[in-house]
Amino acid sequence: MMSAQLVSIIVMFVSGIAVGAVIDGTRTIVGQVPHIIFRKMVVLIEWCVWLFLAISTFYLLFLIKGGHWRFVDPLAQIAGIISYELFFQNITRFMGRLIVNILIKPIYYIGHMFVALIRKIIKFIVKLLILLTNPIFKVFEKYLLKNFKSK
């Protein structure tokens, strides 16, 4: 049976890998957003993500060791973050690009095509209504202008 110290080191190492993945994903997603207003909030978003990760890390420590903290725990997490950047970053980014290209972009383009089709249908209906009502307006305009000018 493994000791509680070894389990906490392994858990903190794995949580370091997860922290690295979440921070890398956050920076990648925020970096690809084109809205300028959203980009101004990058620092706030990153602070909120770091705060969430810190709370979840201490919650893990609380679950494993009852809240006891040792110097080895943050070292294990830092080692996990470094190992993520050395070994898992390329794989994770590849999987992220794969998910974006296979799932998200087709859904976006299908939605974009649907909106464009609806706009074209609405423009066609509006032009058809204008074409059909234009002669009626010309008749009214002819008689109404004649009546208003004579008074």
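This is a predicted model, so every value here is computed, not measured. What you see below is based on every heavy atom in this structure, not just the backbone, and it leaves out hydrogens, waters and symmetry mates.
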Atom pairs and distances, donor-acceptor, side-chain atoms in residues 11-23, under 3.5 Å, two or more places apart:
unit_1	atom_1	unit_2	atom_2	d
Ser15	OG	Val11	O	3.4
Ser15	OG	Met12	O	2.8

Anything under 3.5 Å between a donor and an acceptor, one on a side chain of residues 83-94, the other on a protein residue two or more places apart or in another chain? List them.
unit_1	atom_1	unit_2	atom_2	d
Ser83	OG	Ala79	O	3.3
Ser83	OG	Gly80	O	2.9
Tyr84	OH	Asp24	OD2	2.9
Thr92	OG1	Phe88	O	2.7
Arg93	NE	Asp24	OD1	3.4
Arg93	NE	Asp24	OD2	3.0
Arg93	NH2	Asp24	OD1	2.7

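Distance check, rounded to the nearest 0.5 Å: CG of Leu129 to CG of Asn134 gives 12.0 Å. The distance from the CH2 atom of Trp50 to the OG1 atom of Thr26 is 9.5 Å, given to the nearest 0.5 Å. Going from atom CG of Leu128 over to atom NZ of Lys123 covers 16.0 Å, rounded to the nearest 0.5 Å. The distance from the CG atom of Leu53 to the CD atom of Gln77 is 8.0 Å, given to the nearest 0.5 Å.
The hydrophobic cluster containing Ile99 also contains Ile102, counting ILVMFWY residues as joined when their side-chain heavy atoms lie under 4.5 angstrom apart, directly or transitively. Using a 4.5 Å cut-off between side-chain heavy atoms of Ile, Leu, Val, Met, Phe, Trp and Tyr, with links allowed through other members, Leu6 and Leu60 fall into the same hydrophobic cluster. Taking hydrophobic clusters as Ile, Leu, Val, Met, Phe, Trp and Tyr residues chained together by side-chain heavy-atom distances below 4.5 Å, Phe62 does not share a cluster with Phe52. Ile122 and Phe114 fall within a single hydrophobic cluster, where Ile, Leu, Val, Met, Phe, Trp and Tyr side chains are chained together by heavy-atom contacts under 4.5 Å. Put simply, Phe71 and Leu61 are part of two different groups of oily side chains (I, L, V, M, F, W, Y) that touch within less than 4.5 Å, one to the next.
Residues meeting the side chain to side chain donor-acceptor pair (under 3.5 Å) test with Glu46, sequence neighbours left out: Arg27.
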